[in-house]
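Quick notes on the structure that follows.
Residue numbers start from 1 in every chain, and the chains themselves are labelled A, B, ... in the order their sequence lines are given, proteins ahead of strands.
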Amino acid sequence: MGILNKLDSKVEQFESGNIIITSADKLLNWARLSSMWQMSFGLACCAIEMMATAASHYDLDRFGIIPRPSPRQSDVIIISGTVTLKMATRVKKLYDQMPDPKYVLSMGSCSNCGGPYWEHGYHVLKGVDRIIPVDVYIPGCPPRPEALLEGLIHLQEKIRSQSIAKKVS
Amino acid sequence: MLSDFGQVLVFMIIAVAFVAFVLLASKVFYPKRPSKEKLSTYECGENTIGETWLKFNVRFYVVALIFIVFDVEIVFLFPWAVVFREMGMIAFVEMAIFLIILIFGFIYVLAKGDLYWDKPKPVIPKLEREIFNSQK
Amino acid sequence: MRKYFKNIYLGFSTIWIGMMITLKHLLFYKNITIQYPEQRLQLPERERNRLYVNIDDCIGCDQCVRACPVNCIKIETIKAVPGDKVGKTGETSAGKKKALFVPKFTIDFAKCCYCELCVFPCPTVCIYMTDVFEFSEFQRNDLVYDFTDLTKEQAEEKRKKAEEWALEMQKKKEAAAKKPPEKKVPLKPETNDKNKSDESPDSKSDDKPSKDS
Amino acid sequence: MEQFLIDTFGDNILTYIIMPVPVLIFLSLFALGAVLAERKVSAYMQDRYGPNRVGKGILQTLADMIKLFQKEDITPAKADKLLYNLAPFIVFTATFMGYAVIPFCSLYIGADLNIGIFYFLAITSLSIVGILIAGWASNNKYSLFGAMRAVAQIISYEIPTALAILIVVMIAGTLSMQEIVELQGGGILNWFIFGGPGGATKYILLPFLFAAFMVLYISTLAETNRTPFDIPEAESELVAGFHTEYSGMKFAMFFFAEYGQMFAVSAIVATLFLGGWQSPFGELIPVLNTPVAQIIWFILKGCIFVFVQMWLRWTLPRLRVDQLMILCWKYLIPVSFINLFAVGLYIVL
Amino acid sequence: MDISEILSILNSVFEKETIELKTDIPVEPFLIIAPSKINAISLFLRDEERLQFDFLSSLSGVDYDEENLAVVYNLYSFVHKHKLMIKVIVPKNEPNVKTVSNIWTTTDWHEREAYDLFGIVFEDHPDLRRILLPDDWEGYPLRKDYKVQEFYKGMKVRY
Amino acid sequence: MEVGLNHFLIVSALLFGIGLFALVSRRNAILVLMGIELMLNAANINIIAFSRYGGLGVDGQVISIFVIILAVAEAAIALAIVLNIYNNFSTINIDEVRTLKE
Amino acid sequence: MAELKTEEMILNMGPQHPSTHGVLRLELVMNGEIIEDVKPHIGYLHRCFEKHAEAMTYPQVIPYCDRMDYLASISNEFGYAIAVEKLMGIEVPERVEYIRVIMAELQRVASHLVAIGTNGLDIGAFTPFLYCFIDRERILEIFEITCGARLLYNYIWIGGVSRDIPEDFQKKVKDFVKYFRPRIKDLNNLLSYNKIFIDRTANIGVLPPDVAINAGASGPTLRGSGVKFDLRKDDPYSIYDKFDYDIPVGEGEKGTVGDCWDRYMVRVYEMEESLKIIEQAIDNIPEGDVLSAVPKRVRPQEGEIYFRTETPRGELGYYIISDGTVNPKRVKARSPAFCNLSLISQISQGAMIADIVAIIGSLDIVLGEIDR
Amino acid sequence: MSLYDGIFYAFAIITVVSAFIVVLSKNIIYSAVSLFITLFGVAGFFVLLHADFIAVTQIMIYIGGILVLLIFGVMLTTKITDVKLKTKNINALTSAIFVIGITAVLIFIMLTTNWKVAEVVKYDETIDKIGVLLLTDYLLPFEIASIILLIALIGAAMYARKSK
Ligand code: SF4
Ligand code: SF4
Ligand code: SF4
């Protein structure tokens with residue numbers, strides 16, 4: 001049991017015809033990509049832009065994204081800001097506590113690779129991908145709300161290409 | 001009457017069956033990748049300190065207690081309300097006595113403050129010594 | 001007792017007022033949401049987003065690198081051999097002579113903090129900020145942009161040329177001035193040294209190129 | 001409905017089994033719609049659009065459901081497996097059983113118990129046990145806290161609810177939901193909020209009935225844990241309350257039950273005070289009093305109350321737990337008692 | 001009130017050696033106080049009728065020079081609206097300063113921060129732990145000779 | 001066999017027995033209370049059964065309401081006492097309390 | 001009140017918690033619902049600002065200043081720029097001063113809007129929060145046309161501002177002021193005077209003035225306790241002494257002086273005062289060049305300075321030591337939120353778990369500034 | 001076997017089994033949950049005995065009230081992960097024999113007694129009859145009940161207050 005266990009977690013550019021995309025796939029992917037509940041979790045300056053994105057002007061809810069306070073009910077974690085070494089273990093724990101399938105958006109330079117702090121920041125984790133697998137990197141410091149939305153759309157594309165079927169070579 | 005309750009039973013069975021069906025069906029689909037971290041208790045990203053044992057307030061109990069007394073009272077009130085129109089004044093007086101006795105109890109617990117939840121008891125911080133008074 | 005009723009009154013009235021405000025918004029206010037992928041804001045011209053380097057105009061003067069607080073610009077330059085034209089015309093659009101090849105001009109947008117400090121000191125106004133912000137990637141390395149117009153082979157060739165020429169010059173100089181032998185021309189163009197900082201981030205005190213700009 | 005089924009299938013067990021199905025379908029559709037409506041209403045109140053990208057937004061909740069369907073269902077290692085899994089059953093079942101006595105129209109009621117409203121009151125309290133178990137079994141501080149608070153809140157507000165219901169029962173003299181609705185036939189002025197059928201003197205009761213109506217509405221709000229009474233799941237304090245640890249479909253069941261309850265209590269309020277499925281025009285316009293129209297009236301009335309619930313939720317801050325209790329014990333219950341006596345006096349005199 | 005007046009008030013109570021006035025460094029003049037005396041002098045500064053420095057703006061640790069660390073106190077008086085800057089200089093190998101957290105509660109965290117980042121030990125501080133960095137961090141990062149550790153809990157620190 | 005009075009009586013007797021078992025064998029005060037509740041329930045079944053089959057009529061039901069009230073009063077007071085015991089002895093094990101008292 | 005005998009429960013709030021405003025972690029020692037002690041743990045966002053400042057040249061520090069208090073970047077730059085200017089003895093042109101003040105006041109409004117909104121959100125009111133963000137967005141728009149960024153501006157430079165104001169700047173600002181006044185009224189009706197909100201915040205987290213001063217509180221937190229102290233008035237910098245405005249202080253209108261409601265309300269009033277300043281300044285911006293005083297090389301003489309300004313959160317002081325090179329020897333930022341937060345364990349004793357949320361909200365902390 | 005009988009047996013099995021779990025379970029919360037089922041089953045019996053009002057009262061008071069009170073009691077006095085939660089049965093054997101004896105005797109008496117079985121009374125509406133009876137024949141117990149409740153209320157509140 002657990003059909004979705006086979007869900008590939010890495011993006012692979014499938015060549016067309018390589019894979020049987022069933023309509024079930026489509027339905028499941030569609031549901032996942034259109035209802036990404038985000039874990040309400042902010043770290044630093046980028047979190048403010050994330051809040052602005054969720055606010056009326058940009059409205060994350062349009063994409064079906066609502067913040068959930070508990071990781072148990074969220075699908076996507078937006079790492080919005082500087083991950084410090086003190087925080088890193090917690091971020092990892094929170095990520096771990098999310099149920100599969102789950103996605104990670106790295107928002108802003110800091111979580112991409114330490115950003116402005118990459119050089120002298122003795123206490124800054126240089127990129128959140130050192131602890132958890134990141135799906136989409138959104139550049140910017142902070143990224144504009146639109147950039148976050150674009151990243152989300154990017155992530156949706158990635159989800160769209162996922163499949164539960166085995167690859168047929 | 002029995003058939004009506006039978007209907008209620010059917011409602012219950014359908015509800016249970018529905019939940020069971022949905023949960024089982026989802027079990028077929030969802031991925032299972034448990035790990036130690038994933039199964040650990042959520043506490044804002046921290047490890048839990050101590051037991052999940054809350055020092056519960058007695059208020060919880062007192063509320064339940066008072067509720068149950070009122071519950072019983074309500075159980076009496078319903079048949080009373082149904083026959084109220086037919087019985088008229090007698091019913092009213094009898095119930096009034098009944099209620100007033102209980103309301104007395106209610107007022108007692110109310111006055112004693114048993115019903116109030118824990119109010120915040122703010123401790124206003126103080127300095128050991130007055131050192132500043134020009135602004136007042 | 002009066003307080004009791006006042007509380008009830010206040011409760012209802014303030015809740016009512018609040019509800020009227022939200023109702024007003026529900027019914028009469030225009031939605032202000034920008035429906036992003038379909039609808040876009042007109043971004044102001046000063047918008048600070050992804051940098052763009054017009055490499056045709058770049059003279060490889062290194063000013064932007066020194067100004068950057070984050071050290072996310074990396075430039076390598078190769079001295080042009082006399083007679084070798086840099087770029088198509090050998091000049092910037094303003095007509096300034098270009099003397100350096102720029103075989104490597106990368107900006108790591110994963111690090112950049114979009115502060116615009118690199119834009120102002122550029123003498124040829126060839127590095128500037130655009131309003132492109134939609135460039136999220138699946139891989140972090142894709143966020144490192146290289147603006148150079150030279151291919152690797154070309155760069156290699158130019159480098160060799162420059163080295164040969166430098167060697168030649170050195171020999172010439174040695175021949176010309178045998179008496180003061182200490183005065184050596186460095187093998188590589190000076191600018192190259194300053195770009196090493198990225199390899200040793202924590203020895204911050206001396207390799208910071210922008211120290212005395 | 002029942003008669004119709006008996007005609008179709010004969011008087012066998014199948015008849016009874018089919019009866020709840022419309023309710024289940026309605027409940028599912030309602031939950032899907034209400035979640036979406038809630039998001040839309042809140043969005044428009046906040047000058048934004050709300051979900052509008054998934055099939056123009058209409059399919060949003062469907063997508064949510066299918067997504068929750070695929071989500072891993074985590075049972076925390078420290079949780080009590082058996083009870084943890086049992087809780088959603090109890091909560092959902094309790095909610096659904098409440099629907100058995102809600103009269104949707106003159107022909108359809110799940111089970112026309114002659115003690116219908118009393119039954120409703122009792123059966124909704126079953127979910128208390130579910131909540132307690134959920135909170136306890138999760139072995140999470142927030143959950144337990146949330147559960148205890150939820151229970152304390154629900155049971156305290158059951159008293160004013162019952163007292164407010166009693167007022168209607170006193171006037172109606174019956175506990176059967178269907179009969180209560182039938183008594184309110186004949187136009188808007190016969191609704192119990194206007195004193196039910198009766199002479200002109202009934203208007204003396206108007207303030208009391210209105211007070212009872214308010215009490216009932218407020219306490220049902222509290223019983224369904226809606227803002228401003230959503231302390232058990234107050235995000236800013238207790239993360240997600242008793243279902244903090246629940247994920248996937250089990251969480252969806254709680255969600256489902258919550259929205260189901262929203263409509264159930266709204267329907268009860270509508271039934272008791274606003275004439276249930278009765279058309280406001282009575283028999284004046286007979287077309288508006290056919291069973292189909294009745295269903296529409298009923299759902300409309302219910303939905304209005306659901307809308308007010310949403311409206312309140314997106315306007316108000318939430319109370320603190322002690323204030324909530326004070327509101328119940330110090331305001332609602334005394335008011336209800338006074339109501340009770342006043343209405344009683346009116347009737348006997 | 002001028003700093004020299006403050007100095008003269010202080011001098012009338014405390015020994016001259018413990019307090020030193022520096023005016024040659026722009027922009028602000030300041031007093032240098034012996035580390036052991038800081039507590040007593042602070043108390044005096046706060047409670048003396050004419051001074052009443054009831055507000056401590058800032059307490060900063062400084063890597064002063066090769067051998068010394070310093071603690072800088074910026075005081076302000078809400079009553080008299082005057083400011084004062086005090087420095088305490090301690091050697092790096094034995095950076096002990098008396099705490100003033102019993103005088104201004106705000107210094108509680110400030111001192112912890114100075115301890116955290118410079119390793120200045122505040123004697124008699126009620127709860128001298130690291131505040132910003134995790135408890136198991138090595139070294140005092142704001143010292144000029146700080147070398148960042150290679151790994152922290154298995155995570156690489158450097159880029 | 002047609003379900004009749006005896007069936008109900010047997011179930012009630014079983015419940016009573018189980019409740020009694022809790023009463024005599026369990027040492028947790030709250031479990032003892034649960035046992036008592038079981039026994040009261042058994043009694044109630046009896047009363048109602050007789051009210052239906054024994055010609056007791058609705059009177060039986062009224063009586064059972066009073067039984068329930070007694071159960072409520074008993075549970076309320078007993079639990080309050082249990083709380084007090086717990087508060088004083090930090091345990092609700094009856095035996096332990098007994099020994100602690102001495 | 002003696003409770004049932006059990007050991008105390010420790011509840012973790014944060015670092016991921018919806019209402020700790022970022023990565024703050026509070027360890028609550030609870031007795032039932034009553035909080036006996038609060039142990040704040042900070043440093044989850046320690047980004048080594050002071051270390052960076054030592055490695056940067058003076059102008060390069062400014063982007064990092066921005067990132068300290070990311071809700072009030074302009075104010076952060078402002079203080080730093082003035083401090084360095086003082087150290088170097090630069091006189092900035094009048095026009096620059098005006099622009100800076102307008103920007104700083106706009107920033108103050110924007111920052112208070114977030115503070116107010118999140119305070120409401122903590123209490124459970126979601127809609128006012130979004131209304132605040134809508135209004136804030138209007139301010140960001142002004143910032144964006146001026147300096148191109150929405151959040152972290154790098155606008156105020158040492159000796160000037162990075163760019164002159166655009167043409168329609170004045171009009172936009174005036175529009176905003178006109179638009180915003182009635183919105184404050186709406187906000188008050190919707191949130192500030194709501195009975196539930198008052199009940200939740202009045203008499204909670206009372207901070208007496210002497211304790212506040214002793215603990216180093218500043219800004220609205222201090223003024224909420226009734227202390228009329230604002231650096232713009234009491235230790236004027238830039239051109240704040242030219243304007244006419246009030247300093248609102250908490251008066252205990254709904255409860256005790258210094259409670260959460262007072263602190264909250266001080267911010268609301270302050271927004272109106274800021275509007276006043278903006279109105280007075282916007283029409284009087286003198287002509288001139290904004291970059292004329294910007295030095296080519298920023299290399300202050302050896303010296304040190306402690307300079308403080310009033311940011312939306314309170315007294316932000318920069319202690320800068322220059323050793324005569326292009327890099328500062330030490331930059332210490334005395335952050336207001338750091339001091340304000342240190343008060344929390346004092347003022348939340350005996351509060352309930354729901355109150356602590358209100359208290360955090362009313363302190364208006366920004367973790368970036370606390371941890372730096 | 002009619003449907004009625006089937007339902008009866010189902011309820012009987014559920015009730016008795018869960019009652020067994022109540023007393024035998026090591027985990028007191030499990031006991032409470034099984035008590036929930038038992039009480040529910042008893043309510044089912046009441047329905048089968050045409051005592052609908054009593055059945056609902058049973059749900060309302062026992063499940064909504066007493067059971068919650070019991071669970072609160074458990075939570076207030078017992079640590080959840082505590083070993084003490086897992087109370088064990090002492091001298092289970094002797095008491096089991098004793099109890100089985102008594103139960104057997106009871107059942108024997110019940111089965112052998114020739115109960116006077118009257119005509120099965122048919123009534124559909126019990127609630128108004130109950131109402132009338134309460135206000136007439138059972139008036140005195142009714143009023144006394146209020147006093148008992150009053151005493152319970154005040155007494156329990158006092159006890160609870162003392163334990164604070
Ligand atoms: S990327 Fe920039 S805006 Fe985002 S957290 Fe880092 S410094 Fe702040
Ligand atoms: S914008 Fe700032 S961080 Fe980015 S390259 Fe230019 S100077 Fe460096
Ligand atoms: S400053 Fe301008 S010209 Fe100089 S290297 Fe940079 S981009 Fe090229």
Ring centers of A:Tyr137, C:Phe138 separated by less than 6.0 Å: no
What donor-acceptor contacts under 3.5 angstrom involve side-chain atoms of residues 48-56 of chain A, with partners at least two apart or in another chain?
| from | atom 1 | to | atom 2 | distance (Å) |
| --- | --- | --- | --- | --- |
| A:Glu49 | OE1 | G:Arg150 | NH2 | 3.3 |
| A:Glu49 | OE2 | G:Arg150 | NE | 2.7 |
| A:Thr53 | OG1 | A:Glu49 | O | 2.5 |
| A:Ser56 | OG | D:Gln46 | O | 2.6 |

Side chain, backbone, both or neither of C:Ile34 within contact of chain A (heavy atoms, under 4.5 Å): both
Chain A contacts, top residue of C:Gln35, C:Arg50, C:Arg40, C:Arg48 (heavy-atom pairs, under 4.5 Å): C:Gln35
Lys/Arg N to Asp/Glu carboxylate O, A:Arg144 vs A:Glu150, below 4.0 Å: no
Winner by heavy-atom pair count (cut-off under 4.5 Å) against chain C, out of A:Gly140, A:Pro142, A:Gly151: A:Gly140
Which portion of A:Phe63 sits near chain C, non-hydrogen atoms under 4.5 angstrom: side chain
Carboxylate-amine/guanidinium proximity below 4.0 Å for C:Asp146 and C:Lys104: no
Residue part contacting chain A, namely of C:Asn31, when any heavy atom lies under 4.5 Å: neither
Residue part contacting chain C, namely of A:Pro139, when any heavy atom lies under 4.5 Å: both
C:Tyr145 and C:Phe109 aromatic ring geometry - parallel, tilted or perpendicular at 30°/60° bounds: perpendicular
A:Arg32/A:Asp75 ion pair, N-O < 4.0 Å: no
Region of A:Ile138 in contact with chain C, defined by heavy-atom distances below 4.5 Å: both
